[in-house]
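Let me begin by presenting the structure, written as C-alpha cells, before commenting on it.
Here the structure is a predicted model, which means the values were calculated and not measured.
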Amino acid sequence: MSVRTYVAGVAALLLALSACGGAPEAGPSPATSAVAPSTSAEPSPSDVPSSSPAAAKPGSVPPPWLGTRVLKEDAEGYGIAGPTPKELRHRAWTLPDMMPMLPGDGFTAEVDIAPDDVIARSTWVPGCPVSRRELAWVRMTFWGFDGERHTGEMLINARVAEDVVGVFRKLYEARFPIEQMDIATKASLDAPPTGDGNGTGGFVCRPTVGQTSFSQHAYGLAIDINTFQNPYVKGDRVIPELARWYLDRSRKAPGMIHADDVVVQAFADIGWGWGGDWNSLKDYQHFSENGT
C-alpha cells in the first residue's frame with residue numbers, strides 16, 4: 001500500500017519494537033557477494049523543466065493542494081474514503097526526481113548494500129523482521145507519465161534485488177509509466193492521511209492493513225506500484241482513500257495494472273503473486289514473493 005496511507009498504529013508498533021530491544025532477525029542472509037558498498041552522493045532534487053498549466057494536458061499537472069488536505073479518520077485511524085476529485089481522475093503526472101539521474105539513455109540500475117544514511121531515513125528500526133544488512137539500496141531508471149526518463153530508489157531484500165531489477169527493466173522496455181519511486185520514511189508513516197498519495201516502492205516496516213502481524217513489505221519482499229491508479233479495496237475501505245475512480249478496473253488509464261499485462265507477467269516470471277488476484281479483498285498495487 002502507499003506509505004502515506006498507513007498511519008493507524010504504525011508509530012506505536014515501531015516504538016514498542018524499539019522499547020523491547022528488537023525481535024530476533026528473520027529471513028535469509030543478504031547476497032553480499034552480489035552488491036558492493038555504496039559510493040553514491042547524497043540524493044538531491046533534479047532540475048525539472050517548468051511548464052504552463054494553461055498549456056498542459058488535463059491530468060498532467062498536479063493540483064497545488066496535493067498532499068495537504070487532511071481527511072477525517074475513522075475509529076481505526078484510517079482516512080474516510082470519499083469520491084475522487086476531478087483533478088485526480090486521469091492522473092498522469094510525474095513528480096520531480098529526488099535522485100540524481102543515472103547515466104546512459106536506457107534502463108540503468110545500481111544495487112548496493114543499504115548505507116547508513118539511507119537506513120536512517122527509512123522506516124527500519126531494531127525489531128523489524130529483516131536486518132539492515134539484508135536490505136539492498138536500488139536506484140533505477142523508469143518512464144514517467146511525461147514520457148521522460150527518470151531515476152528513483154527503493155529498498156528491497158538483497159536476496160531478491162536482481163530479480164526485482166529484471167522486473168523493472170521489463171517495465172521500462174514496455175514504457176509502463178510510474179509517477180514516483182521512493183523510499184518510505186518514518187515521517188510519512190506518522191503523517192495524517194490525505195488519500196492522494198501515489199507511491200512505488202518496496203520495504204516498509206509496518207503491519208499488514210488491519211492486522212498486527214508484519215506485512216511482506218517489512219521483510220523487503222513486496223512492492224507496490226502506482227498506488228493511486230491501483231488502490232487497495234476491502235468493503236468500504238479504499239487506500240488511497242480518494243482513489244475510488246480507479247476501482248472501475250474496466251478503465252485502461254495509463255499506470256493501471258490489469259490481469260495478464262506486462263506488470264503482472266513480469267512479476268509472475270520471477271514467481272511473485274499479485275494482490276489483484278485475491279478473493280477476500282483486492283490490492284491492485286501489490287506484488288509479493290509469497291503471494292500475500
So, does S288 use its side chain to make a donor-acceptor pair with the main chain of L221 at under 3.5 Å? no

With D248 via side chain to side chain donor-acceptor pair (under 3.5 Å) - residues at least two apart: S250

For the pair D74 (side chain) and I80 (backbone), establish whether a donor and an acceptor sit closer than 3.5 Å, ignoring hydrogens and angles. no

For T123 and A184, indicate whether the former's side chain and the latter's backbone hold a donor-acceptor pair under 3.5 Å. no

Locate the shortest heavy-atom distance separating M154 from I183; write the atom from each residue and the value. CA-CG1, 3.8 Å

Restricting to non-hydrogen atoms, name the atom on A109 and the atom on V165 that form the minimum distance, rounded to 0.1 Å. CB-CG1, 3.7 Å

Test your reading of the model: is there a side-chain donor-acceptor pair from R139 to the backbone of T108, 3.5 Å cut-off? no

Report the relative orientation of the aromatic rings in F214 and Y219; use parallel for angles under 30°, tilted for 30 to 60°, perpendicular for over 60°. perpendicular

Side-chain (N230) to main-chain (G255) donor-acceptor, under 3.5 angstrom: yes

D283 side chain near W278 side chain, heavy-atom distance below 4.5 Å: yes

Taking the side chain from T200 and the backbone from N226, do they hold a donor-acceptor pair closer than 3.5 Å? yes

Should the pair R91 and W245 be classed as cation-pi, given the thresholds of under 6.0 Å to the six-membered ring centre and 45° from the axis? no

Taking the side chain from D163 and the backbone from V160, do they hold a donor-acceptor pair closer than 3.5 Å? no

For a quick test of reading the model, state the closest non-hydrogen atom pair linking A218 to P129 and the distance between them. O-CG, 3.5 Å

Heavy-atom distance under 4.5 Å between the side chains of V167 and I270, does that happen here? yes

Taking all non-hydrogen atoms of both residues, which atom of T94 and which atom of E179 are closest, and how far apart? CG2-O, 3.2 Å

Result of checking F142, F145, W93 against H150 for ring-ring contact (aromatic ring centres under 6.0 Å, His included): F142

Look at the side chain of H286 and the backbone N and O of T292, then say whether any donor-acceptor pair between them is shorter than 3.5 Å. yes

Side-chain polar contacts of residues 168-177 - donor-acceptor pairs under 3.5 angstrom, sequence neighbours left out - could you list them?
{"from": "K170", "atom 1": "NZ", "to": "D269", "atom 2": "OD2", "distance (Å)": "2.8"}

Any donor-acceptor N/O pair, K282 side chain to G275 backbone, under 3.5 Å: no

Kindly indicate whether the side chain of L247, heavy atoms from C-beta on, has any atom under 4.5 Å from the side chain of P231. yes

Counting N and O atoms only, with roles assigned by atom type, does the side chain of E241 sit under 3.5 Å from a partner on the main chain of G79, one being a donor and the other an acceptor? yes

Please name the pair of heavy atoms, one in Q285 and one in T227, separated by the smallest distance, quoted to 0.1 Å. OE1-CG2, 3.0 Å

Nearest heavy-atom pair of T194 and T68: which atoms, and what distance? CG2-N, 4.1 Å

